Amino acid sequence: MTTSDTGSSTSAPSATTSEEPQTQLRRGVISPAKAFFFALSGLAIPSVVSGEGGKMALISGWSSWLAMLVGSLMALLIAVIIVRFTRRHLATGSLMSYVQRETGPRAGALTGAALLVGYVAALVLTTAIALVFLFSFLKGIGVDADSAGWLTLAGLLLLTFAQILTWRGIRLSVNAAVVLGWSSLPFVLVIMVAAISRHGIELGPQLSLDGFTAGAFAQAVILAFGIYSGFEGFSALAMETRDPRRTIPKLLVTVVVVLGVVSVGGVTLTIPIMMENSEDLIAGSSPLAILAETGGVTFLGSVLDLLMFVTLLSVILVYLNEAGRIAATAAEEGLLPRALARVDGKQRTPARAMLFLVVLAAAIFIAFLFIAQKPIFTIFLSAAVMVSYSWFTAYILIALAGLRDAVRSRSLLFGAVALLSAAATTGTAVYSLIDQYSGSTMTALPWITLGAIAALWCASLLNTARQRRLALD
């Protein structure tokens, strides 16, 4: 994929503007409304509102709502920084392109490495949680088939189906993601209302932060922040979105605010129920099934498990579309093999890059099942840790790029936002690494994630240096 294919460039443009790049991708085929619902589909609103309490209950208990609120505020600060750059640049590399153009190719390559590791982990995470819902549904109808072999087969089929849909073109992907992503929300709300009505809302332990520990809270903030991982990813579809210089910045802030309200509210309302059923969560029951049982609407729980599986397919479609364009841009920049930069001439999609990501995600998912021998819900938590630390790295870099821009432009207010964002993301990540054993899921995964990012970054720098030597020869 050439520079005209992706809209990326190895040279930094002026600090005020950059020319709209040419591209082989389909231009202007996504309306602002579809872009909004597509972006939210990738953040799995039905799953977040009903399921985040289940994840957070196992990490931070009664202080989960506060961790979610802090994570949401951190995401909002990051959104403000990204908005500044999306108004200046159109690029298919998302954060990688913004950091590269504002800071330089080395920082851009590091951001790209973090994004690539993050997107592969996100595909693993979404596959795992989708299978939690699928096999919870099967368990509810009396089919016990959650062995590693069946999980592997189901995961491979799910990823293959997503690959085929995304290859068929951006219009089909967007339409499918929007329809699938929102179909379950009305039923989810019915189950939540029934469960909360019967169980009640316990604010006392939450407001008093019962069982609070700083280390576990820091880890919970990272996992809470993790639900925003990739919220800006739809900016990689800027070439295919109508009026992107106006649409993308508005949607960035709107998406963060909507997700913040949904996530904090959902955790606050459901955490008491999840705290009482933590053993069932670990055993493989989905948070939604637990809510349905609590609300006395178990028959809806089984149906909704299946619908949530379908909803999470939409998340995979969103991730794969975004990640494919970022990976293709990264290939053009030397971060990945250049062959992955090619755009399919007929469908006009980065099919090779998307297939590469699917193969990596499938391999890691299988490794978790057969080598690490982790239960499916633990795979979800493990992948969530990897996603969070990957995007933390990328968001720290974009915050530093914002701080550099603020100094250059002498913008005091924007500088304060960038400084606060850089301090919050860096401080939380460092503290959680220092005190990682206070939580239940961290272990070596943060270091493995950071090591993978560093290895990919070093490989890209060596490859870039090699290409320069060949060009000189």
Side-chain angles (χ1 to χ4, degrees), residues 32-57 59-60 62-83 129 177-178 181-197 201-203 206-207 209 217 220-234 247-274 287-288 291 304 308 311-312 314-315 318 384 388 391 395 417 420-421 424-425 428:
K34 280 191 177 179
F36 173 70
F37 287 106
F38 179 76
L40 287 178
S41 296
L43 298 170
I45 293 294
S47 178
V48 168
V49 71
S50 64
E52 282 305 302
K55 180 177 74 176
M56 301 296 287
I59 306 298
S60 54
W62 294 108
S63 61
S64 297
W65 69 273
L66 183 59
M68 190 64 69
L69 178 60
V70 172
S72 300
L73 293 175
M74 290 169 61
L76 186 59
L77 291 175
I78 292 292
V80 171
I81 296 171
I82 299 173
V83 162
I129 193 60
V178 170
W182 291 89
S183 60
S184 62
L185 183 59
F187 300 95
V188 168
L189 295 179
V190 169
I191 289 178
M192 288 187 65
V193 169
I196 294 166
S197 297
I201 302 172
E202 296 180 48
L203 295 179
Q206 297 189 69
L207 294 177
L209 304 180
F217 182 77
V221 169
I222 286 182
L223 289 179
F225 190 52
I227 70 169
Y228 294 90
S229 296
F231 77 89
E232 79 300 328
F234 66 92
T247 300
I248 301 298
K250 289 181 180 179
L251 292 187
L252 280 167
V253 175
T254 304
V255 164
V256 170
V257 171
V258 170
L259 186 60
V261 172
V262 167
S263 62
V264 175
V267 166
T268 302
L269 294 173
T270 62
I271 198 70
I273 300 172
M274 298 304 162
L288 192 58
L291 289 173
L304 257 295
M308 289 300 296
T311 296
L312 287 159
S314 74
V315 179
V318 174
S388 297
W391 256 285
Y395 289 149
V417 170
L420 181 59
S421 180
T425 51
T428 304

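The structure displayed is predicted, hence computed values, not measured ones. Starting from 1, each residue takes its place in the sequence as its number. Note that these values count all heavy atoms, side chains included, but never hydrogens, waters or copies made by symmetry.
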Beyond-backbone contact of [X] with [Y], side-chain heavy atoms, under 4.5 angstrom:
X	Y	value
L43	I227	no
V70	F217	yes
F231	L252	yes
M274	V267	no
L203	T268	yes
W391	F225	no

**OP:** Show your reasoning for whether side chain to side chain contact (heavy atoms under 4.5 Å, CB included) applies to V315 and L312.
**Re:** CA-CA 5 Å; V315 179; L312 287 159; 4.1 Å; yes
Report the distance from atom [atom1] of [X] to atom [atom2] of [Y], rounding to the nearest 0.5 Å.
X	Y	atom1	atom2	result
L209	W62	CG	CH2	11.5 Å
L291	S50	CG	OG	6.5 Å
L73	M68	CG	CE	12.0 Å
E202	L207	CD	CG	11.5 Å
L251	E232	CG	CD	13.0 Å
Q206	I201	CD	CD1	9.0 Å

Original post:
So with a 6.0 Å cut-off around CZ of F36, is the heavy-atom count from everything else above 12?
Top reply: yes
Closer than 3.5 angstrom, by distance alone: can the side chain of [X] be matched with the main-chain N or O of [Y] as a donor-acceptor pair?
X	Y	value
W65	G265	no
S314	T311	yes
S421	V417	no

Original post:
Which atoms form the tightest heavy-atom contact between S64 and I271, and what is the distance?
Top reply: OG-CD1, 3.6 Å
**OP:** Keeping to residues at least two apart or across chains, list the side chain to side chain donor-acceptor pair (under 3.5 Å) pairs with something in residues 71-81.
**Re:** S72-Y228
Show me the donor-acceptor pairs, under 3.5 Å and distance only, between side chains in residues 74-81 and residues at least two apart or in other chains.
none

